[in-house]
Structure formats: structure tokens, C-alpha cells
Student: 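Pasting a structure below so you can have a look.
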Amino acid sequence: FVTAAQPDGDIRFNLSYTWDDLVEFGKHSALEVVTESANKDQSLPAWCQHEGQPAERYHCLERVYLRGEVRVCFSLVYLASDIYQRWRHKFKSRAIATVFGETPELQLGDGLQTVTIISAGDDSAANLRIPVGSPIAEVIRRVYAPDGRLLYWSRVHFPSKFVRMDFKLR
């Protein structure tokens, strides 16, 4: 008895732990824009105000990243409006982290990443085309300017079947 291989069966990747890894992930993923704030930049939502010194306004984007035809992650991003406006042409078609990594004149400070395993809600499930309640890895990323201003805040959801995490024990 033989069954056909799953089309997404070979997709596994480590969650990024370095800028270089994150930039590389974006280079190998196709991008589908779900929504984008249309010239209506906004303040940072109340639920992420505690993440640092906020920029004046943010551009909001929702995106799905694909490997081939497979949806590997869904992201909600708040990007400082001045940064978005300056490099808008790059952000339209490329992963934000990839643009950050390949734009030397963009001065970045610290970056933080938090990983939590949760269940997919309605929005993530619909965009990832998985059942509501499926296990997903939620990655919250924050990138700051050297002066401490929050430039980038994102919530990225990965179906857990694609995620791998390796840790070096010391």
C-alpha cells in the first residue's frame, strides 16, 4: 500500500535566530499582500504600546509568505511610517526583514523575538488555510532604532508542522 507524498511534506525550517537567517528566509519566500493601510497611517495599537518608545505613526501590513504553493506564515506588521515611505518601493514586493538586511543606510538598533506555541484563531487559520485551533508558532518581533524608537513590530504565525527549533546546549 503506497500513498502519495504530501505536497508540503518536505518543508521544514528553523525559526530565525539571527538577522542573516531572517533576511535569508525572506529571500526564499514568495509574498502575498493580504491588506495594507492605504495612506492612512496610524498609531501603534494599544495592545503593543508597551513594546518601547513608539514612532509617531505606523504603516500596517498583513502578508502571507509562501514556499511554492504552500502558505508557510501569516504576518501582521506595524512599520514606522517614515521608514515605510522612504523605502516603499522595496517593501511592496519583498520581506521587510530582507529589506532591512539589504539597506545599509537604514540604521537599526536592537531586535527582539519571542516565540509562543498557540492555537490558530479565525484570521490566521483563514490566511494559512488550516483549521481553526491548529497548533501554530507565534513569533513576536520588535526592531528598534539606535535611539530606542520602535521601528517594526510584527506578529508572525507559522503552522507548527513547518517549524523546527534547534538549541545548542551549553
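All values below were derived from every heavy atom in this structure, side-chain atoms included, with hydrogens, water molecules and symmetry-related copies excluded.
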Student: To the nearest 0.5 angstrom, please state how far the OG atom of S81 sits from the CZ atom of R86.
Tutor: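 The distance works out to 15.0 Å.
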Student: Report the C-alpha separation of V77 and V156 in whole Å, then their side-chain angles, then the decisive distance to 0.1 Å, and conclude whether the side-chain contact (heavy atoms from CB on, under 4.5 Å) test is met.
Tutor: CA-CA 8 Å; V77 175; V156 185; over 6 Å; no
Student: Is there side-chain contact between I117 and I136, with heavy atoms separated by less than 4.5 Å?
Tutor: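 The answer is no, as the side chains (C-beta and beyond) never meet within the 4.5 Å cut-off.
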Student: Between V72 and L128, what is the shortest heavy-atom contact and its length?
Tutor: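 Closest approach of V72 to L128: C-CD2, 4.3 Å.
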Student: What is the distance from atom CZ of R57 to atom CG of D82, rounded to the nearest 0.5 Å?
Tutor: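 Reported value, rounded in 0.5 Å steps: 12.5 Å.
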Student: Can you measure from CG (L76) to OG (S124) and round to the nearest 0.5 angstrom?
Tutor: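 Here the rounded value is 9.0 Å.
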Student: If I compare all heavy atoms of Y58 with all of A80, which pair ends up nearest, and what's the gap?
Tutor: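 So the minimum-distance heavy-atom pair works out to CD2-N, 3.5 Å.
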Student: Looking at V163 and A137, what are the two nearest heavy atoms and their distance?
Tutor: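 Taking V163 first and A137 second, the nearest heavy atoms are CG2-CB, 4.0 Å.
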Student: State which residues pass side chain to side chain contact (heavy atoms under 4.5 Å, CB included) with D147; sequence neighbours excluded, sorted by chain then number.
Tutor: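 Per chain and number, D147 pairs via side chain to side chain contact (heavy atoms under 4.5 Å, CB included) with A145, R149.
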Student: W153 vs L79, test: side-chain contact (heavy atoms from CB on, under 4.5 Å). Steps then yes/no.
Tutor: CA-CA 7 Å; W153 182 95; L79 181 60; over 6 Å; no
Student: CD of Q53: more than 12 outside heavy atoms within 6.0 angstrom?
Tutor: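 For Q53, atom CD is crowded (more than 12 foreign heavy atoms under 6.0 Å).
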Student: Take L61 and Y78, measure what side-chain contact (heavy atoms from CB on, under 4.5 Å) needs, and give me the verdict at the end.
Tutor: CA-CA 7 Å; L61 305 104; Y78 289 90; over 6 Å; no
Student: Could you list the residues that satisfy salt bridge (Lys or Arg N to Asp or Glu O under 4.0 Å) with E138, not counting sequence neighbours?
Tutor: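 By the salt bridge (Lys or Arg N to Asp or Glu O under 4.0 Å) rule, E138 matches no residue at all.
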Student: Working to the nearest 0.5 Å, report the span between CG of D122 and CG of N127.
Tutor: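 Going from the CG atom of D122 to the CG atom of N127 covers 11.0 Å.
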Student: Please report the shortest heavy-atom distance between F162 and R71, naming the atom on each side.
Tutor: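 So the minimum-distance heavy-atom pair works out to CE1-O, 3.5 Å.
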Student: Check for me whether the distance between the ring centres of Y152 and F100 falls short of 6.0 Å.
Tutor: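 Yes.
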Student: Check G52 against Y144 and note the closest heavy-atom contact, atom names and distance.
Tutor: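 Between these two residues, the closest heavy atoms are CA-CE2, 4.1 Å.
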Student: Any side-chain donor paired with an acceptor under 3.5 Å for T114 and R142?
Tutor: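 Result is yes, a qualifying pair exists.
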Student: What's the spacing between C73 SG and R67 CZ if we round to 0.5 Å?
Tutor: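 Answer for the SG-CZ pair, C73 versus R67, is 8.5 Å.
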Student: Determine, using the 4.5 Å side-chain heavy-atom cutoff (strictly less than), whether F74 and V132 are members of one ILVMFWY cluster.
Tutor: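 In one cluster: no.
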Student: If the condition is side-chain hydrogen bond (donor to acceptor under 3.5 Å, both in side chains), which residues does D110 pass it with, not counting sequence neighbours?
Tutor: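 Listed in chain order: nothing, the list is empty.
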Student: Let's go through K92 and Y84 carefully: what are the C-alpha distance in whole Å and the side-chain angles of both, what is the deciding distance for side-chain contact (heavy atoms from CB on, under 4.5 Å) to 0.1 Å, and is it a yes or a no?
Tutor: CA-CA 9 Å; K92 287 282 190 189; Y84 178 80; 3.3 Å; yes
Student: In Å, rounded to the nearest 0.5 Å, how long is the span from CD1 of I96 to CZ of R63?
Tutor: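 One finds 4.5 Å between CD1 of I96 and CZ of R63.
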Student: Looking at every non-hydrogen atom in both residues, tell me the closest pair between P131 and A120 and how far apart they are.
Tutor: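 Heavy-atom minimum between the residues: O-CB, 4.3 Å.
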